[in-house]
Number of protein chains: 4
Amino acid sequence: MQSRTSSPTGRPGRPRSATADEAILEATREALVELGWSKLTLGDVATRAGVAKTTLYRRWAGKNELVVDAVAVLFDELELPDRGSLAADIEGVVLQFAAILDRPETKTALMAVVAESTRDAPLRERIRNSIVDRQKRLVLEGRARAERRGELPAAPDPRSAAATADLIFDVAAGAVVHRTLVSAEPVDGEWVRRFTALLLGGLAAASG
Amino acid sequence: MQSRTSSPTGRPGRPRSATADEAILEATREALVELGWSKLTLGDVATRAGVAKTTLYRRWAGKNELVVDAVAVLFDELELPDRGSLAADIEGVVLQFAAILDRPETKTALMAVVAESTRDAPLRERIRNSIVDRQKRLVLEGRARAERRGELPAAPDPRSAAATADLIFDVAAGAVVHRTLVSAEPVDGEWVRRFTALLLGGLAAASG
Amino acid sequence: MQSRTSSPTGRPGRPRSATADEAILEATREALVELGWSKLTLGDVATRAGVAKTTLYRRWAGKNELVVDAVAVLFDELELPDRGSLAADIEGVVLQFAAILDRPETKTALMAVVAESTRDAPLRERIRNSIVDRQKRLVLEGRARAERRGELPAAPDPRSAAATADLIFDVAAGAVVHRTLVSAEPVDGEWVRRFTALLLGGLAAASG
Amino acid sequence: MQSRTSSPTGRPGRPRSATADEAILEATREALVELGWSKLTLGDVATRAGVAKTTLYRRWAGKNELVVDAVAVLFDELELPDRGSLAADIEGVVLQFAAILDRPETKTALMAVVAESTRDAPLRERIRNSIVDRQKRLVLEGRARAERRGELPAAPDPRSAAATADLIFDVAAGAVVHRTLVSAEPVDGEWVRRFTALLLGGLAAASG
DNA sequence: ACATAACCGAGACGGTACGTCCAGTCTTCCC
DNA sequence: GGGAAGACTGGACGTACCGTCTCGGTTATGT
C-alpha cells in the first residue's frame with residue numbers, strides 16, 4: 001500500500017536540458033577568447049549559447065562560477081606520459097601546463113577568478129576542487145614513478161612527503177604562471193630545462 | 001598689462017592639487033580593503049578622496065592604472081638587509097614579500113590587474129615598471145652580495161647570469177604568490193626554510 | 001458502428017476539476033485585495049489556489065479575463081428591493097452599487113480591466129456580458145416598477161425609452177464610479193439624496 | 001567675508017536638460033497611442049525621446065507618474081467659450097471633454113492610472129492636482145456666468161454651492177467617461193442634448 | 001481489463017522589461 | 001585652466017513574470 005513515487009529522477013517537473021550545460025560552457029570559452037574576462041557578459045554568453053539568461057542564472061551563481069567550470073575542463077587534458085626519466089617527465093608536464101596557460105581563454109580567466117577568490121571562500125573552494133587539486137595528482141604520480149625507477153628514495157614519512165609535494169606544486173605551478181603572465185616571457189624548451197634542473201637539484205640536495 | 005606666466009610649470013591656469021594625488025591613492029587602498037577589486041568603483045574612490053570624478057579621470061586612464069599606482073608603493077617597503085648568509089637573506093626577503101602579499105589590498109588587487117594586463121600591453125608595462133622590476137633588483141643585489149661573501153662563484157657570463165636571475169625571480173615570486181593566493185596556505189617560517197633549501201640546493205647543483 | 005457519446009460532456013478523457021475553478025477565482029480576489037491589479041501575477045494566483053499555472057492558462061486566456069470573472073460574481077449581489085417609491089428604490093440601489101465598488105478587490109480591478117478593454121474588443125464584450133449588462137437590467141426594472149406605481153408615464157416609444165435608460169445608466173454608474181475612484185469621496189446618504197433628487201428632477205423636466 | 005554662492009540657480013553641477021522633459025512627455029503620448037498603457041515600457045519611451053533610461057528615472061518615479069504628466073496637458077485645452085446660454089455652454093464643454101477622452105492616448109491611459117491610484121495615495125493626489133481639480137474650475141465658471149445671465153439664482157450659501165458643484169462635476173465627468181469607456185458608445189450631439197436637459201432640469205428642480 | 005485521451009502538479013524553458021548601478025563624458029559655476 | 005558638482009548617454013546587471021513546454025502521473029470514457 002505504499003505511495004507510488006517510482007519516478008527515476010525523483011524530481012517532478014520538466015528536467016533540465018542536458019545539452020544546455022555544454023553549450024553554455026563552450027559559449028563561455030568562446031566569449032573569453034574574444035572579449036576577455038572583464039568584457040564578458042552573461043547576457044552575451046546566453047545569446048551565444050542560444051539560451052535564455054534565466055537558464056544560465058538557474059545553474060550558476062555568477063560569472064566567477066561559470067568561468068571556473070568553463071575553464072576547468074581544459075586542465076583535464078594534462079597527462080604524465082612516461083618519458084623514461086624524472087627530468088623528462090617533469091619537462092613534459094611543465095610544457096603541457098604552459099601550453100594550456102598560454103591559451104587566451106585560460107590566460108585571461110584564471111588570474112581573474114583567483115583574484116576574485118581572495119574575497120570569496122566558496123569560489124576558492126570551487127577553484128581548488130575543479131582545477132587545483134585535480135592537477136596535484138601529477139606531482140604524486142611523478143614521484144611514485146620516479147621511486148619505481150629508483151631515481152628517488154622512498155618517502156621517509158608521509159607527512160613530510162605531502163609537504164614536499166605541496167611545495168613542488170606551488171613552485172612549479174607558480175613559476176610557470178609567473179613566467180607566463182607576469183614576466184610575459186615564453187616558457188620554451190630552454191627555460192623548462194633550466195627550471196627542471198633547478199627543481200631536481202634542489203630536491204636531491206634537500207633529501208640528500 | 002600682459003599676463004605674467006611666472007608659474008613654475010609654464011602652463012597657464014590653476015595647477016593641479018598636489019595633495020589630491022595621494023588622497024586618491026589612499027582612498028583607493030581603503031576601498032580595496034573594504035570592497036575588493038571587483039566592487040571598487042571610481043565614483044566611490046572620488047567621494048572618499050573628497051575629489052570630483054573628473055579630477056580622477058584627468059589623472060588616470062581607468063581603474064586598472066589607478067590601482068596599480070595605489071598598490072605599487074606598498075612594494076617599495078621591500079628591502080634586503082644583510083643577515084649574514086645567502087640563505088638568511090632569501091628567507092628574509094621571501095617573508096617580507098609574503099607579508100605584503102597577505103595584505104588585503106594587495107591580495108585582491110594584484111592578481112586582478114595581472115589578469116587585466118593579459119589583454120592590455122600598456123598596463124602590462126606599467127605593472128612591470130611600477131611593481132615587478134622593483135623586486136627583480138632584489139635578486140640581483142642578493143646575488144652580488146653572495147658573490148662578495150664567496151657563497152656563489154662569479155657569474156661565468158652575463159647572459160647566463162641574467163637568465164638565471166629571471167628564473168629565480170619567477171620561481172620565488174611565483175611560488176609565494178601561488179602558495180598565498182591559489183593554495184591559500186600560509187607562508188610561514190617552515191615553508192620558507194623548505195623553499196629556500198630547495199632553491200639554494202638547485203642553484204648549487206645547477207652551477208656545480 | 002457509431003461511437004457512443006453517452007458522456008454528459010461528450011468529450012473523452014479526464015474532466016476538468018470542478019472545484020479548481022472556484023478556488024482560482026477566490027484566490028484571484030484574495031490576491032487582488034492584497035496586491036492590487038498591477039502586482040497580481042498569475043503564478044501567484046496559481047500557487048494560492050493550489051493549482052498549476054498550466055491549469056489556469058487552460059481555462060483563461062490571461063489576467064484580464066480571469067479578473068473579470070473573479071469580480072463579476074460580486075455584482076450579482078445587486079438587487080432592487082421594493083422600497084415604496086422610485087426615489088427610495090434609486091437611493092437603495094445606488095448605495096448598494098457604491099458599497100460593492102468600495103470593496104478593495106473591485107476598486108482596484110474594475111478600472112484596470114476597463115482600461116485594458118479600450119484596446120481589446122473581446123475583453124470589452126466579456127465585461128459587458130459579465131458585469132455591465134447585469135446592472136442595466138436594474139434600470140429597466142426600476143422604470144417598469146415606477147410605471148406600475150404611476151410615478152412615471154408609460155414610455156412614449158420604445159426607441160426613446162431605451163435611449164433614456166442608457167442615459168440614466170451612464171449617469172448613475174458614472175457618477176458613483178467617479179465619486180468613488182476619482183474624487184475619492186464617500187458615497188454617503190447625503191450625496192445619494194442629492195444625486196437622486198437631481199436625477200429625478202431631470203427626468204421629470206425632460207419628460208414633462 | 002561671506003561665502004560667495006551667487007549662482008542664479010543655487011544648485012551646483014550641470015543643470016538638467018530643459019528640452020528633455022518635453023521630449024519625454026511627447027514620446028510617452030506617442031507610445032501610448034501605439035502601444036497602449038499596458039505594453040508601454042519606460043525603456044521604449046526613453047529610446048523614442050532620445051534619452052537614457054536613467055534620465056527618465058531621475059525625473060519621474062515610475063510609469064504612473066510619467067503618464068499622468070504626459071496626459072495632463074491635454075486636458076488643459078478645455079475652455080468655456082460663451083455660447084449665449086447655460087445649456088449651450090454645458091453642451092460645448094461636454095463635447096470638448098468627450099473629444100479629449102476619445103483620443104487614444106487618453107482613452108487608454110486615464111482609467112489605468114485611476115486604477116493604480118486606488119492603491120497609491122500620492123498618485124491619487126497627483127492626478128487630482130494635475131487633472132481633476134484643474135477642470136473643476138469649468139463648473140464654477142459656468143455657474144458664475146449663468147448667474148450673471150440670470151439663468152440661475154445666486155448661491156444661497158457657499159457650502160451648499162460647493163457640494164452642488166462637486167456633484168455636477170462627478171455627474172458630468174462620470175457620465176461622459178462611462179459612456180465613452182464602459183458603454184463604448186459615442187458621445188454625439190443627441191446624447192449631449194439629452195444629458196444637458198437632464199442635468200439642467202435636475203438643477204432647476206433641486207433649487208426650485 | 002485496458003487502451004485512449006484529456007487532465008493535473010511541477011518546474012525548466014526562451015523571452016521581455018524591470019529598476020539599479022557604474023563607466024566615462026559634458027556642462028555649469030567657482031577659484 | 002583646474003576643480004567640485006552633478007546631469008548626461010550607454011550598457012550590463014540580476015530579478016521577476018510571462019506564456020509555453022515537457023515531464024511523470026491520474027482519472028475519466030469506451031470498447
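We find that B:Arg48 and B:Asp44 are joined by a salt bridge, their nearest charged nitrogen and carboxylate oxygen being less than 4.0 Å apart.
Between C:Glu105 and C:Leu32, the closest heavy-atom pair is O-CD1, 3.8 Å. Here the closest non-hydrogen pair linking B:Ala109 and B:Val71 is CB-CG2, 3.9 Å.
We find that NZ of C:Lys63 is positioned 9 Å from P of F:dG19, with the value rounded to whole Å. Here E:dA23 presents its C1' atom at 17 Å from CH2 of B:Trp60, a figure rounded to the nearest Å. The nearest whole Å value for the distance from the CG atom in C:Leu40 to the C1' atom in F:dC18 is 13 Å. Going from atom CH2 of C:Trp37 over to atom C1' of F:dC17 covers 14 Å, rounded to whole Å. If you measure from atom CG of D:Asp44 to atom P of E:dG19, you get 14 Å, rounded to the nearest angstrom. At whole-Å resolution of the value, CG in C:Leu56 and P in E:dC7 are 14 Å apart. The CD atom of C:Glu65 sits 13 Å away from the P atom of F:dC18 (whole-angstrom rounding). The distance from atom NZ of A:Lys39 to atom C1' of F:dG10 is 14 Å, rounded to the nearest whole Å.
Each of D:Gly62 and B:Ala61 was assigned the nucleotide of DNA chain E with the nearest heavy atom; the assignment lying further toward the 5' end belongs to D:Gly62.
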Could you tabulate the donor-acceptor pairs under 3.5 Å formed by side-chain atoms of residues 51-58 of chain D, not counting sequence neighbours?
none

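Listed candidates were E:dT20, F:dC17, E:dG24. Nearest to the side chain of B:Leu42 is E:dG24.
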Quiz item: Tell me, for nucleotides 10-15 of chain E in 5' to 3' order, what letter each nucleotide earns: B for a base near a protein heavy atom under 4.0 Å, S for only sugar-phosphate near one, - for neither?
Solution: BBBBBB
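The line from CG of B:Asp21 to CG of B:Leu25 is 6.0 Å long, rounded to the nearest 0.5 Å.
For residues 62-72 of chain A, every residue pair satisfying the salt bridge (Lys or Arg N to Asp or Glu O under 4.0 Å) rule, not counting sequence neighbours, is listed here: A:Asp69-A:Arg126.
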